[in-house]
Amino acid sequence: MTFDQLGVRDDLLRAIQDLGYEAPMPVQEKVIPHLLNEESDVVALAQTGTGKTAAFGLPLLQRIDITPIVPQALILDPTRELCLQTASDLADYAKYIDGLKILPVYGGSSIESQIRALERGVHIVVATPGRLLDLLRRGKVDLGAVRTVVLDEADEMLNMGFVDDINAVLDHVPEQRKMLLFSATMPPEISKIAQNYMHAPVEFVIGNRNESSNNVRHIYYMVKASDKYLALKRIVDSRPRIYGIIFTRTRAQAQEIADNLIQDGYNADALHGDLSQAQRDAVMKKFRERNLQLLVATDVAARGLDVDDLTHIISYALPDDNDVYNHRSGRTGRAGKTGTSICIIHSRERGKLKDIEKHIGKQMERRQVPKAEGIIEKQLFNLADKIERVEVKEEEIAAYLPPVLSKLSWLSGEDLLKRLLSLEFNRLLDYYRNAPVIEDVPDKRDRKKADSKKRTKEEKDSRVAERGYERVYINCGKADGFFAPDLIRLINQNTRGQQIGLRRIDLLSNYSLFDVRQGDAHRVVSALKGADFYGKRIYAELAQEGKDYAAESWEKIRVKKNRAERRRAEREAREAQGEPARGRRGRQRKPRPDTQDEPFARFKKKKGRK
């Protein structure tokens, strides 16, 4: 099937051939012939990036009459960015149509200039609902001649709260018009709009409803909540050529992750609602031009971002709405290419992940967090590939080679390669040399197997900490009613500043051992020394190999018992000789009143005592 066979006009065929279009995509094969030959309305359900703009844009352009310069077609988009993108695509398709005028109308730009353009006359208006409604209220735009209305990304407009605005705009459009509704999902609100404003619409479904694209691979990593950022960095490091978007739940989280990535040397930036329009435009321009490798964004801010060739989508936080995940993953794997959607979750998000799996009709593949050795190997091969593919400009570099070769002549080829690789990878090698271990959280079945094999007392008493951590001793154990929450509370109460990273906690009878992140261990030991745990004075130190903490604990208990027994024996001997009883400090104890004659004498107040 070709675009010519679908009935597309010659001037439009020339334009799309210049753009590199060869064969129509499934949604275009179904929608274009119907829009060109039938008058009924259309509801098309297809994922983002499946060619929907060309599916409605080519027939719409072909139906435009150039002679009257009045708005004949209206396209509603949810965001400013998507509005501009749609208008740009239509302008590319209309390259060889003389006199056709397309106007994008959106907020965040001068309304006066848009009013002047409308007064000069346009054929197609591409608008966001809010700005178009503002122009309608001012009486600056007339939709009386509109013959085609397109709701693009309809489910996104509903998610952004544009239902009332859409209804108000459609009230200004003639009753006799063709209406097209394009959406990735079909929530109930979309069905209501179709019932109220569309006439016997024909529905085209590309794939199954709410189904994810077959070109997208879905995988997930399950880690502890505190390890999410470390896991994110390793996932990115293991994919040197990644070009993707990292989705977060909040604006603050997006900015925090972007700042951390930039500080750690990654080519990243943030996109969220707290940025001004100029800042957002600058960030998106850098990302589209691939001057940024990673974009950290909220779902709302990224809705209008239409970027081709994304290799990965990373959900740092799962969305509350399953349809939102569809929109996220639909940004990769476009135009027949493959992509990967990655979720980084902790154990409490497992149920939400299952709901998403049911919604998209696919089971996600679990992966283990990449190890340091594998990451370094991939990065080295990526650098070797760059060296192999680099373009050498022989004439330009020839003048500079002799002095450089003379300076490096004492190095062999292997030594030169080692230095080249070390120059590029010192940061990565230094980081992973002492990097903390990221534990994969087991599934319930794996956890049951692990719990069935309990650690022995000798294993708990080990003085060897995990890589990147140090082992700390504290003189409280289970016999003191001391458990993991008590340890965490003590550390939080007695330390200030950055959060302390804890790992394995082993509770024994009279003492405990736990792992603390390197760099925090000395601070924790200093903070715990002298602290109080229900009357017991805390002592802590870095755990020493070969030191018998169990014997020391029992010796202290034995000395304390012997001291108490010795005092009891001395007291009994004095009482046998008729000496008055004395307290611990040698003071004579006052005799108690005889309670036989007056049972409550000891509780009566003495005269004069207040």
Verdict with supporting geometry, Q255 and D274, side chain to side chain contact (heavy atoms under 4.5 Å, CB included):
CA-CA 9 Å; Q255 189 63 56; D274 286 343; over 6 Å; no
Under 6.0 Å from the six-membered ring centre of Y96 and within 45° of its axis: does the NZ or CZ of R14 meet both?
yes
Would you indicate whether the side-chain heavy atoms of D269 and F287 approach each other to under 4.5 Å?
no
With D18, which residues qualify under salt bridge (Lys or Arg N to Asp or Glu O under 4.0 Å), at least two apart?
K95
Salt-bridge test for R116 and E112: reply yes if a basic N is under 4.0 Å from a carboxylate O, no otherwise.
no
For T250, all residues meeting side chain to side chain contact (heavy atoms under 4.5 Å, CB included), sequence neighbours excluded
A252, Q253
How about K352: does its NZ atom have over 12 heavy atoms from other parts shown lying under 6.0 Å from it?
yes
What do you reckon, is CD of E365 surrounded by more than 12 foreign heavy atoms closer than 6.0 Å?
yes
Pi-cation contact, Y243 with R290 (under 6.0 Å, within 45°)
yes
Quick one: which of K224, R249, K228 gives a salt bridge (charged side-chain N to carboxylate O under 4.0 Å, His left out) with E349?
K228
Is it true that a side-chain atom of T86 and a backbone atom of C83 form a donor plus acceptor pair closer than 3.5 Å?
no
R147 side chain to R63 main-chain N or O, any donor-acceptor pair under 3.5 Å?
yes
How far does CD1 of I356 sit from NZ of K362, to the nearest 0.5 angstrom?
14.0 Å
Flag the pair Y316 / F247 as yes when their ring centroid distance falls below 6.0 Å, and as no otherwise.
no
State whether K178 and E38 are salt-bridged, where the test is any N-O pair (Lys NZ or Arg NE/NH1/NH2 against Asp/Glu carboxylate O) under 4.0 Å.
no
Could you check whether Y325 and H218 have their ring centres less than 6.0 Å apart?
yes
Do V105 and V126 pass the side chain to side chain contact (heavy atoms under 4.5 Å, CB included) test, and can you show the C-alpha distance, the side-chain angles, and the key distance before you say yes or no?
CA-CA 6 Å; V105 174; V126 186; over 6 Å; no
Tell me whether D281 is salt-bridged to R80, with the criterion being a basic N under 4.0 Å from an acidic carboxylate O.
yes
Under the ring pair (Phe, Tyr, Trp, His ring centres under 6.0 Å) test, residues paired with F204 that sit two or more places apart
H34
Rounded to the nearest 0.5 angstrom, the CG-CD distance for L261 and E256 is 10.5 Å
Side chain to side chain contact (heavy atoms under 4.5 Å, CB included) between T340 and V216, worked out
CA-CA 5 Å; T340 305; V216 179; over 6 Å; no
Residues E391, K393: salt bridge by 4.0 Å N-O rule
no
Rounded to the nearest 0.5 Å, what separation is found between the OG atom of S341 and the CG atom of N326?
9.5 Å
Hey, what's the ring geometry for Y93 with Y21, parallel, tilted or perpendicular (30° and 60° as the breaks)?
perpendicular
Can Q62 and L12 be said to form a side chain to side chain contact (heavy atoms under 4.5 Å, CB included), step by step?
CA-CA 8 Å; Q62 195 157 321; L12 295 172; 3.6 Å; yes
